[in-house]
There are 2 protein chains.
Amino acid sequence: MDTTARADWKLTYRRDCPSRTVIEVLANKWALYVLGALRRYDRPMRFNELRRVLDGITQKMLTQTLRALERDGLVSRTVYPTVPPRVEYELTALGVEAGQLTAAIADWSVAHAQEILTARGRFDERDAAPPAPVR
Amino acid sequence: MDTTARADWKLTYRRDCPSRTVIEVLANKWALYVLGALRRYDRPMRFNELRRVLDGITQKMLTQTLRALERDGLVSRTVYPTVPPRVEYELTALGVEAGQLTAAIADWSVAHAQEILTARGRFDERDAAPPAPVR
DNA sequence: CTGAATCCCAGAGGATACTG
DNA sequence: CAGTATCCTCTGGGATTCAG
């Protein structure tokens, strides 16, 4: 690993740190889901297949997310000039690495969802229960 | 780890999977930064200290993010009834776990920022360079 | 010092229709 | 099938002000 990454970590939180622009691509639910799905299935996937898997994503967001990931070199896009057209998306080596990180978040969230939802419920209950009105 | 998390991973991508609400709290740049900072400094931190560290965050977003993390049981909030008021934020055990995942993303982004920014430049160049006009 | 409350708006993101 | 193009809504999030 790059040692400078660890030495200068305080810089990560500076507004002008270039890594912020990278983090902000990854810190996005759809990017996280797309990377996750591509990593889980571990094979090239077509546009509509991804769309079906990522329940609830709109075509616009899927296109947009795939473009952003392709732009950053995390996903490769291959067009087969057939008819009907066929386009396959696949993780690059870099994308596989990123996918492992985002998949870890997804896994962890699934594993702790119940626990967290319970905490959330407790918090909301306190919040929703104002101090007994003075009488 | 929870075995069901791995067995049912396809469910992660379903719209109604409860884990989605958890993922979506984590898949947020400010949450990622806050967890990262608390984990890096590894000690309770005060509101304005966090604000200074997280260059560019507004008071509103910091409050909002801390609330969300507190609600989900990832951060604890301790008020010392002194004057002036003093409030300390600290990661819970759960928050430390989540912080490791988000810090991994931050580290990775820093380590690969240059590489990714280069890819981004290449992509934008192609994009901005339409095919040479026929002559 | 640690917030809560308002105002405001650019832009994220959904729905729908059209195209090669 | 794999998009692009619009339109339109809603909210993330910044700036500012006030309060305990």
Side-chain angles (χ1 to χ4, degrees), chain A residues 13 15-16 20-21 23-34 37-38 43-71 75-90 123-124 126-128 130-131, chain B residues 13 15-16 20-21 23-34 37-38 44-71 75-90 123 126-128 130-131:
Chain A
Y13 302 106
R15 196 200 314 255
D16 56 358
R20 274 210 179 185
T21 69
I23 293 177
E24 281 158 31
V25 168
L26 263 29
N28 168 291
K29 66 172 181 175
W30 291 124
L32 193 146
Y33 290 144
V34 167
L38 284 173
R43 59 174 173 75
M45 293 179 75
R46 302 180 60 174
F47 187 86
N48 279 341
E49 186 182 10
L50 274 169
R51 179 136 76 123
R52 278 189 301 274
V53 169
L54 303 175
D55 190 28
I57 195 172
T58 61
Q59 146 275 46
K60 179 181 174 181
M61 289 315 299
L62 181 52
T63 299
Q64 194 170 305
T65 304
L66 285 169
R67 282 290 173 284
L69 295 176
E70 184 194 357
R71 180 165 110 107
V75 162
S76 69
R77 177 174 184 271
T78 309
V79 181
Y80 297 90
T82 61
V83 44
R86 174 176 163 190
V87 181
E88 289 189 341
Y89 294 91
E90 188 171 15
F123 184 94
D124 291 346
R126 279 185 215 292
D127 193 37
Chain B
Y13 303 105
R15 196 199 315 254
D16 56 356
R20 273 210 179 184
T21 68
I23 293 176
E24 282 158 29
V25 168
L26 264 29
N28 167 291
K29 66 171 181 176
W30 291 124
L32 193 146
Y33 291 144
V34 166
L38 284 173
M45 292 179 76
R46 301 181 59 176
F47 188 86
N48 278 342
E49 186 182 10
L50 274 169
R51 179 136 76 123
R52 277 188 302 274
V53 169
L54 303 175
D55 190 29
I57 196 171
T58 62
Q59 170 272 332
K60 180 181 173 180
M61 288 316 299
L62 181 52
T63 299
Q64 195 170 304
T65 303
L66 285 169
R67 282 290 172 284
L69 295 176
E70 184 194 359
R71 180 165 108 107
V75 161
S76 70
R77 176 173 184 271
T78 310
V79 181
Y80 297 91
T82 61
V83 43
R86 173 176 162 190
V87 181
E88 288 190 342
Y89 295 91
E90 190 171 15
F123 184 94
R126 276 184 218 294
D127 195 34

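These numbers come from the heavy atoms of this one structure, side chains and all, not from hydrogens, waters or symmetry mates.
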Whole angstrom is fine here: how far is it from [atom1] in [X] over to [atom2] in [N]?
X: B:E24; N: D:dG12; atom1: CD; atom2: C1'; answer: 14 Å
X: B:N28; N: C:dA12; atom1: CG; atom2: P; answer: 14 Å
X: A:M61; N: D:dC10; atom1: CE; atom2: P; answer: 18 Å
X: B:E88; N: C:dC1; atom1: CD; atom2: P; answer: 14 Å
X: A:I57; N: D:dA2; atom1: CD1; atom2: P; answer: 14 Å
X: B:L62; N: D:dG13; atom1: CG; atom2: P; answer: 13 Å
X: B:K29; N: D:dG13; atom1: NZ; atom2: C1'; answer: 9 Å
X: B:N48; N: C:dT2; atom1: CG; atom2: P; answer: 4 Å

Side chains of B:V87 and B:F47 in contact at under 4.5 Å (non-hydrogen atoms):
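Heavy-atom side-chain distance check fails, nothing below 4.5 Å.
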
Over-ring placement of B:R67 relative to A:F123, 6.0 Å and 45° cut-offs:
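Ring-cation test returns no.
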
Within 45° of the ring axis of B:Y80 and under 6.0 Å from its six-membered ring centre, is that where the NZ or CZ of B:R46 lies?
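B:R46 over B:Y80 ring: no.
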
Under 4.0 Å, heavy atoms only, any strand: does A:Y89 hit a base, just the sugar-phosphate, or nothing?
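Counting heavy atoms under 4.0 Å across all strands, the contact made by A:Y89 is with sugar-phosphate only.
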
Please tell me if [X] has a side-chain N or O lying less than 4.0 Å from either OP1 or OP2 of [N].
X: B:R46; N: C:dT2; result: yes
X: B:R67; N: C:dA4; result: yes
X: B:R51; N: C:dC1; result: no

Using the rule given for side chain to side chain contact (heavy atoms under 4.5 Å, CB included), can you reason through A:M61 versus A:L54, listing the C-alpha separation, both sets of side-chain angles and the distance that settles it, and then say yes or no?
CA-CA 11 Å; A:M61 289 315 299; A:L54 303 175; over 6 Å; no

Is it true that the side chains of B:Y33 and A:E24 contain a donor and an acceptor less than 3.5 Å apart?
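Yes, because at least one side-chain N or O of B:Y33 sits under 3.5 Å from a partner of the opposite role on A:E24.
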
Of all the choices, D:dG3, C:dC1, C:dG3, which nucleotide is nearest to the side chain of B:P85 once you look at every atom?
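Selected nucleotide: C:dC1.
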
By nearest nucleotide on DNA chain D, pick out whichever of B:Q59 and A:K60 is the more 5' one.
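Counting from the 5' end, the first nearest nucleotide belongs to A:K60.
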
